[in-house]
Amino acid sequence: MRLKIHHAHSWDLSPAEARQLQGRLASCVVREDRPGTTRRVAGVDVGFESGGRITRAVVSVMSWPDLAPVEDVLARRATTFPYIPGLLSFRELPAVLEALEQLSSPPDLLLCDGQGIAHPRRLGIAAHLGVLTDLPAIGVGKSRLIGMHEPVPAHRGAWRELRDGDEVIGAVLRTRARVKPVYVSVGHRISLATAIDVVLQAAPRYRLPEPIRRADRLASRQ
DNA sequence: GCGACAG
DNA sequence: ATCTTGTCGC
């Protein structure tokens, strides 16, 4: 598929330029529900190989709401930006966009590894990806970047607001009882309440480690 | 100045 | 992100 990029920009930036750009793109994030018809949901997993020299992105598409596997794609490329907390998207998104272009048909919703607006400048990787693709996007982080929250009860479905001062920037949600909670935040064109519902609905059959395992299978095949 | 810090 | 060791719950 051809990917339409909105608010396109250079990736050859200094850390200072990247931070400045985040401030401008953050104002484009839509924090309310503005979905299209949801038929396919894509899980986006990012990471690296070879001690960081290679950046890897895996996109696993499933049908919605039945969560049947539809299509998996993998992209790898030489890393061109270092990992700096708060600037993850500048290291990972070029590979993600390359992977998305390999899909035979576009997804309707993105579940992206990492934070959405739960970010110092409100533009984590999921929000950045949402703005560039203009697709509804949800950030699902495995650990915290910023924000404070009350303890989360141990049962599945329990959640607490993640706040930065007075602002609610996300939710800390248990997708399974007594398992480490995930950090859910708005990426684009979705409300926090809807994002929580979607993650909870997707989690039972689409466990967060699942895209990683599929990634490893794809990686060993290529 | 010191600690924290998505993946 | 990755690696290792010790502990705990089912």
Side-chain angles (χ1 to χ4, degrees), chain A residues 11 15-16 18-19 21-23 25-26 29 42-60 74-100 110-132 137-149 152-156 162-165 167-188 192 195 199 207-216 218-220:
Chain A
W11 294 100
R19 289 188 190 94
L21 177 58
Q22 285 181 325
L25 292 177
V29 173
V44 179
D45 179 57
V46 298
F48 60 73
E49 302 171 5
S50 310
R53 292 192 299 276
I54 303 290
T55 294
R56 179 171 87 179
V58 177
V59 177
S60 300
L74 165 71
R76 293 153 130 171
R77 47 187 301 159
T79 300
T80 59
F81 197 94
Y83 172 66
I84 299 170
L87 298 179
L88 175 69
S89 61
F90 291 90
R91 170 188 162 133
E92 307 290 350
L93 281 190
V96 172
L97 297 176
E98 199 173 295
L100 286 173
L110 303 169
L111 278 173
C112 184
D113 200 6
Q115 312 296 336
I117 63 169
H119 177 280
R121 290 165 295 280
R122 307 295 184 261
L123 196 84
I125 185 169
H128 196 163
L129 181 60
V131 168
L132 292 185
I138 299 169
V140 187
K142 298 184 287 292
S143 64
R144 188 192 65 95
L145 176 58
I146 61 161
M148 307 283 278
H149 64 90
V152 184
H155 63 273
R156 168 178 151 84
L162 180 66
R163 300 187 199 185
D164 184 14
E167 184 180 0
V168 176
I169 58 174
V172 190
L173 170 70
R174 286 200 197 275
T175 56
R176 301 174 64 184
R178 274 166 285 104
V179 167
K180 183 180 178 184
V182 295
Y183 296 77
V184 177
S185 55
V186 170
H188 189 50
L192 181 58
V199 171
R207 297 176 305 136
L208 289 172
E210 181 63 19
I212 298 169
R213 295 186 175 187
R214 291 160 87 170
D216 288 340
L218 284 172
S220 62

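Chain identifiers are assigned alphabetically (A, B, ...) following the order of the sequence lines, protein sequences preceding nucleic acid strands; residue numbering begins at 1 within each chain. Since the model is a prediction, treat every value here as computed from it, not as a measurement.
Residues that satisfy the side chain to side chain contact (heavy atoms under 4.5 Å, CB included) test with A:Thr80, not counting sequence neighbours, are absent from this structure. Residues forming a side chain to side chain contact (heavy atoms under 4.5 Å, CB included) with A:His128 (at least two apart in sequence, or on another chain): A:His9, A:Trp11, A:Leu25, A:Ser89, A:Phe90, A:Leu93, A:Leu123, A:Leu132. Considering only residues two or more places apart in sequence or on other chains, A:Ala118 meets the side chain to side chain contact (heavy atoms under 4.5 Å, CB included) condition with A:Gln115, A:Leu162, A:Ile169, A:Ser185. Residues passing the side-chain hydrogen bond (donor to acceptor under 3.5 Å, both in side chains) test with A:Arg174, sequence neighbours excluded: none. Every residue was checked against the salt bridge (Lys or Arg N to Asp or Glu O under 4.0 Å) condition with A:Arg19, not counting sequence neighbours, and none meets it. Residues forming a side chain to side chain contact (heavy atoms under 4.5 Å, CB included) with A:Leu88 (at least two apart in sequence, or on another chain): A:Tyr83, A:Glu92, A:Ile125.
Residue pairs meeting the salt bridge (charged side-chain N to carboxylate O under 4.0 Å, His left out) criterion with at least one member in residues 115-132 of chain A, sequence neighbours excluded: A:Arg122-A:Asp164, A:Arg122-A:Glu167.
Closest heavy-atom contact between A:Gly52 and A:Thr79: O-OG1, 2.8 Å. Of all heavy-atom pairs between A:Leu173 and A:Val199, the closest is CD2-CG1, 3.9 Å.
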How is the base pairing of DNA chain C summarised as a dot-bracket string, given the Watson-Crick and G-U wobble criteria with both distances under 3.5 Å, [ ] for crossing and | for another strand? ..........
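A distance of 11.0 Å separates CE in A:Met148 from CZ in A:Arg163, rounded to the nearest 0.5 Å.
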Could you write out each protein N or O paired with an N or O of nucleotides 4-10 of chain C at a distance under 3.5 Å?
none

Please tabulate, one pair per line, each protein N/O and nucleotide N/O from nucleotides 2-7 of chain B that are separated by under 3.5 Å, including the distance.
residue: B:dC5; atom: OP1; partner: A:Arg144; partner atom: NH2; Å: 2.9
residue: B:dA6; atom: OP2; partner: A:Tyr83; partner atom: OH; Å: 2.4
residue: B:dA6; atom: N7; partner: A:Gly86; partner atom: N; Å: 3.2
residue: B:dA6; atom: N6; partner: A:Gly86; partner atom: O; Å: 3.0
residue: B:dA6; atom: N6; partner: A:Leu87; partner atom: N; Å: 3.3
residue: B:dA6; atom: N6; partner: A:Leu88; partner atom: N; Å: 3.2
residue: B:dA6; atom: N6; partner: A:His119; partner atom: NE2; Å: 3.4
residue: B:dA6; atom: N1; partner: A:Ile125; partner atom: N; Å: 3.1
residue: B:dA6; atom: N3; partner: A:Gln115; partner atom: N; Å: 3.2
residue: B:dG7; atom: OP1; partner: A:Lys142; partner atom: N; Å: 2.6
residue: B:dG7; atom: OP2; partner: A:Ser143; partner atom: OG; Å: 2.6
residue: B:dG7; atom: O3'; partner: A:Val46; partner atom: O; Å: 2.7
residue: B:dG7; atom: O3'; partner: A:Asp113; partner atom: OD2; Å: 3.2

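Stem list for DNA chain B (at least 3 consecutive Watson-Crick or G-U pairs, distances under 3.5 Å) is empty.
Contact check on A:Lys142 versus A:Asp113 returns a salt bridge, with a Lys/Arg side-chain nitrogen under 4.0 Å from an Asp/Glu carboxylate oxygen.
The shortest side-chain heavy-atom distance between A:Pro120 and A:Leu145 falls under the 4.5 Å cut-off.
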